[in-house]
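Both ligands and their constituent atoms are indexed starting at 1 by order of listing.
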Amino acid sequence: MRMRRKPNLEPRLEKCAAVLLEEPAEYRGRWRDSFGDYASVHVELGCGKGRFTADAAESAPEVLLVAVERDPSALVMAMELALSRDLHNVRFILGDVNMLGEVFAPGEVGRIYLNFPDPWPKSRDAKLRLTAPNFLRRYASVLEGGGELQFKTDNTPLFDWSLGQFSAEGWALHSVTHDLHASGLVGILTGYEAKFVSQGLKINRLVAGRNESTKTLADGEVPRLRNASLCDARGYEESVETNAKKKEERS
Ligand SMILES: C[S@@+](CC[C@H](N)C(=O)[O-])C[C@H]1O[C@@H](n2cnc3c(N)ncnc32)[C@H](O)[C@@H]1O
């Protein structure tokens with residue numbers, strides 16, 4: 001769901017200049033030593049309001065964490081949170097996941113976090129899912145050999161569909177679970193995750209390793225996605241409900 005634009009967005013963005021990168025492509029190929037001397041570069045896709053970003057950066061000060069978010073209203077909150085905690089090892093990019101290859105050189109990233117991406121439940125929108133093959137190949141192209149992608153979602157149909165995509169694209173899957181917190185909270189929670197957990201929802205998680213069999217952008221045309229509807233997904237039910245409510249309000 002798109003956030004409403006925050007009041008005073010522009011001045012607030014300006015105040016975050018220390019962590020917001022206006023020209024991220026300038027750092028391509030030299031991320032690790034542009035802001036210090038980091039052991040690795042991790043990238044978070046769609047960081048939202050940045051709860052996970054701040055906690056992950058704090059828990060691994062030897063790593064540079066670069067968070068990407070296309071919604072400026074969410075991004076500004078994530079940046080303000082990071083600044084309020086005085087974190088030195090996090091930077092933010094206002095932009096679309098599509099531009100990863102312009103910003104990071106091949107093999108420059110050690111880990112990618114993909115937390116609670118939008119499900120895009122309709123089959124015709126499947127290519128927009130951030131676990132669709134066109135995106136997986138972008139990730140593989142910037143990840144180092146042996147690097148990994150960590151994916152979490154509450155949406156089980158999306159998760160199961162994604163498992164098939166990762167396998168078909170040659171990623172090595174491990175730590176696959178449909179109920180991450182079955183025996184108590186595990187790892188760093190995101191903002192969405194905290195909300196879902198408090199509602200008693202189960203969280204799916206997997207880790208996908210990039211190896212020599214993993215397909216990249218160099219592998220040419222991506223497979224066409226057919227019959228990819230997630231009709232029974234929560235996101236779909238929710239959007240149907242919301243649309244019905246809006247209709248009711250209008251009439
Ligand atoms: C459902 S929210 C999850 C936010 C956060 N990861 C969490 O778990 O709390 C998805 C976020 O991804 C962002 N997003 C979706 N598609 C994106 C894209 N193609 N590029 C960058 N950000 C994207 C949205 O703006 C939104 O903030």
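- The aromatic rings of His178 and Phe159 sit perpendicular to each other, their planes meeting at more than 60°, with 30° as the lower class boundary.
- A salt bridge links Arg137 with Glu169: the distance from a Lys NZ or Arg NE/NH1/NH2 to an Asp or Glu carboxylate oxygen falls below 4.0 Å.
- Contacts between Asp118 and ligand 1, counted as non-hydrogen atom pairs separated by less than 4.0 Å, involve the side chain only.
- Phe196 and Phe116 have their aromatic ring centers within a separation under 6.0 angstrom.
- Between Val97 and ligand 1, a contact under 3.5 Å exists for at least one N or O pair.
- In summary, the atoms of ligand 1 found under 4.0 Å from a heavy atom of Gly95, numbered by their order in the structure, are 20 (N), 21 (C).
- A search for side-chain contact (heavy atoms from CB on, under 4.5 Å) contacts involving Leu180 returns Lys152, Thr177, Val186, Glu193, Ile203, Arg205, not counting sequence neighbours.
- In terms of polar-atom proximity, Asn115 is counted as a contact of ligand 1, with an N or O under 3.5 Å from an N or O of the ligand.
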* **Candidate pair Thr131 and Ser162, rule side-chain hydrogen bond (donor to acceptor under 3.5 Å, both in side chains), full reasoning** => CA-CA 6 Å; Thr131 51; Ser162 303; 2.7 Å; yes
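- Counting heavy atoms closer than 4.0 Å to ligand 1, residue Cys47 contributes backbone atoms (N, CA, C, O) but none from C-beta onward.
- Crowding of Glu62 atom CD: a count of heavy atoms from other residues, nucleotides or ligands under 6.0 Å exceeding 12.
- Summarising the contacts of atom 18 (C) of ligand 1 with Arg70, Arg51, Met77, Glu44, the nearest heavy atom is found in Arg70.
- Separating the CD1 atom in Ile93 from the CD atom in Glu22 is a distance of 11.5 Å, to the nearest 0.5 Å.
- Among Trp120, Phe116, Phe196, Tyr192, the residue whose heavy atom lies closest to atom 10 (C) of ligand 1 is Phe116.
- Checked by distance only, ligand 1 and Gly46 come closer than 3.5 Å through their nitrogen or oxygen atoms.
- Not a single N or O atom of Glu193, backbone or side chain, sits closer than 3.5 Å to an N or O atom of ligand 1.
- Proximity annotation for atom 26 (C) of ligand 1: of Lys49, Glu69, Lys152, Lys195, Glu69 comes nearest, heavy atoms only.
- Close approach to Asp71 involves these atoms of ligand 1, each under 4.0 Å from a residue heavy atom: 25 (O).
- A perpendicular orientation is assigned to the rings of Tyr113 and Phe52, their planes being inclined by more than 60° (bins at 30° and 60°).
- The side-chain contact (heavy atoms from CB on, under 4.5 Å) test applied to Glu108 returns Trp31, Phe104, Ala105, not counting sequence neighbours.
- Of all the atoms in ligand 1, the ones that sit under 4.0 Å from a non-hydrogen atom of Gly191 are 9 (O).
- Annotation: Asp96 places an N or O atom under 3.5 Å from an N or O atom of ligand 1; distance criterion only.
- For ligand 1, the atoms closer than 4.0 angstrom to any heavy atom of Thr190 are 7 (C), 8 (O), 9 (O).
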